[in-house]
Amino acid sequence: MKKIYLDNNATMPVKPEVLEALLPFYREQFGNPSSLHWAGRMVSGAVEKAREQVAALINCSPAEIVFLSCGSEGDNFAIKGTADALKDKGNHIITTSVEHPAVMETCEFLERNGYDVTYLKVDEDGMLNLADLEAAITDKTILISVMWANNETGNIYPIEEIGKIAKKHQVRFHTDAVQAAGKIPVDVQKANVDLAVISGHKLGAPKGVGAIYIRRGTRLTRLMHGGHQERNRRAGTHNVAGIVGMGVACELALQNLEENYTYVRKLRDKLESGIKELVPEIKLNGHPNPDLRLPNTLNISFAYIEGEALLLHFDLKGIAASSGSACTSGSLEPSHVMGAMCVEVILAHSSTRFSLGTDNTAEDIDFVLQELPPIVQRLREMSPLYNRDELTPLSCDECRIIRRI
Ligand SMILES: *Cc1c(COP(=O)(O)O)cnc(C)c1O
């Protein structure tokens, strides 16, 4: 069976050049880069080269990059590390209601430990009101954390403008750039960012490696205590192969940024217009202007059906996509991102994310457009809601699925 992978925002295949580059570090170049002997020296240069490659992708100095185990670690480090380092200054953090769980749950953890968190609302397109952000800043605010691009909708946030607001009020600014890095230009200096997090497996490197940009001079309490690796910023023996792979993946992403953007955007636009043409009663989740979304991401709700059911039928055809609702603790709760956008319950349950990659082809999209309409039709015919209930729009106040606004 033909296999079509449209879940690149969950993880991406490792690029062949990346795999080639990292394999020697599982063989003869096995040393610990912190060792002073020949085996250590053989690999420490490779770690430093990777640091330069990662720094180049986001336009910072290599000394401002710290390697980590993943993106989630980076978000935890940025937020908890700031909360602790600046606790004498204040206890207020501003973030949004559409962050990745790595940010959301870290903020919720801090709330249980004496910090105040403001979760900024988004509008129905999933966008922020920057006046709300500015109004939320108090003299106790120690951190603004806003993601560069959203993993579910692909929405790109105005990071440069937020950076200006942060600078004006002298508040530290963290951004989860995991989905943005490698897909769109990310320039941490231009955007006045203090902390930015990226993850290897979201840009063509293996799982288990990530990086954080820490602007020179930023006080940040360490998360991992132990050895003195990474200039004392993060303990733990380096994942040398992963780091080398991440360096090469970042270099490739930078070299091919425009070309990849154009290629994948064309396929995504084809899928988007195809679905709009072929399937009635759908809703695009995210900003209607495709320029304000990542080039590879499309999130669509198919009224009356369960996203999970659609995914199972896709899977039978070899198509891998993902659903906005996750079956958490037995109850099928729609994603908090759909909740924050006030997507009606009935639509939120059917939200489906297609996230493309450079391995996809126009034939892949044709195949999806051929298989999708009959699956949706069949599922609708089985749905108890179809043709019986009108779609009743819920106002924000009564929207059951809002987790917090
Ligand atoms: C995947 C993802 C993360 C977490 O990265 P891991 O390396 O998987 O821990 C954080 N933020 C966003 C936006 C993501 O998409």
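Every heavy atom of this structure was used, including side-chain atoms; hydrogens, water molecules and symmetry mates were not. Just so you know, these numbers come straight off a predicted model, no measurement behind them. Read the numbers this way: they start at 1 and go in the same order the structure lists the ligands and their atoms.
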Tell me which part of [X] gets within contact of ligand 1: side chain, backbone, both or neither, using heavy atoms under 4.0 Å.
X: Asp75; result: side chain
X: His201; result: side chain
X: Cys70; result: both
X: Lys202; result: side chain

Worksheet entry | Asp194 side-chain N/O to Phe173 backbone N/O, donor-acceptor pair under 3.5 Å | yes

Which atoms from ligand 1 have a heavy atom of [X] less than 4.0 Å away?
X: Gly71; value: 5 (O), 6 (P), 7 (O), 9 (O)
X: Gln179; value: 13 (C), 14 (C), 15 (O)
X: Ser72; value: 4 (C), 5 (O), 6 (P), 9 (O)

Worksheet item: In the protein, what heavy atom is nearest to atom 11 (N) of ligand 1, and what distance, to one decimal place, separates them?
Response: Asp176 OD2, 2.6 Å

Worksheet item: Of Glu308, Arg378, Glu371, which meets side chain to side chain contact (heavy atoms under 4.5 Å, CB included) against His313?
Response: Arg378

Worksheet item: Looking at Leu220, Thr221, Thr82, Val197, which one forms a side chain to side chain contact (heavy atoms under 4.5 Å, CB included) with Phe77?
Response: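 By the side chain to side chain contact (heavy atoms under 4.5 Å, CB included) criterion, Phe77 pairs with just one of Leu220, Thr221, Thr82, Val197: Leu220.
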
Worksheet item: From Arg234 CZ over to Gln229 CD, what is the distance, rounded to the nearest 0.5 angstrom?
Response: 8.5 Å

Fill in: Separation between CG of Asn260 and CG of Leu257, rounded to the nearest 0.5 Å
7.5 Å

Item to complete: Before signing off on this row, confirm whether Asn151 and ligand 1 have an N or O atom pair separated by under 3.5 Å.
Response: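 No; every N/O pair is 3.5 Å or more apart.
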
Item to complete: For the residue pair His238 and Glu230, confirm or rule out a side-chain donor-acceptor distance under 3.5 Å.
Response: yes

Practice prompt. From the options His92, Gln170, Arg172, His169, select the one residue that forms a side chain to side chain donor-acceptor pair (under 3.5 Å) with Thr141.
Written response: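 For Thr141, the side chain to side chain donor-acceptor pair (under 3.5 Å) test succeeds with only one of His92, Gln170, Arg172, His169, which is His92.
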
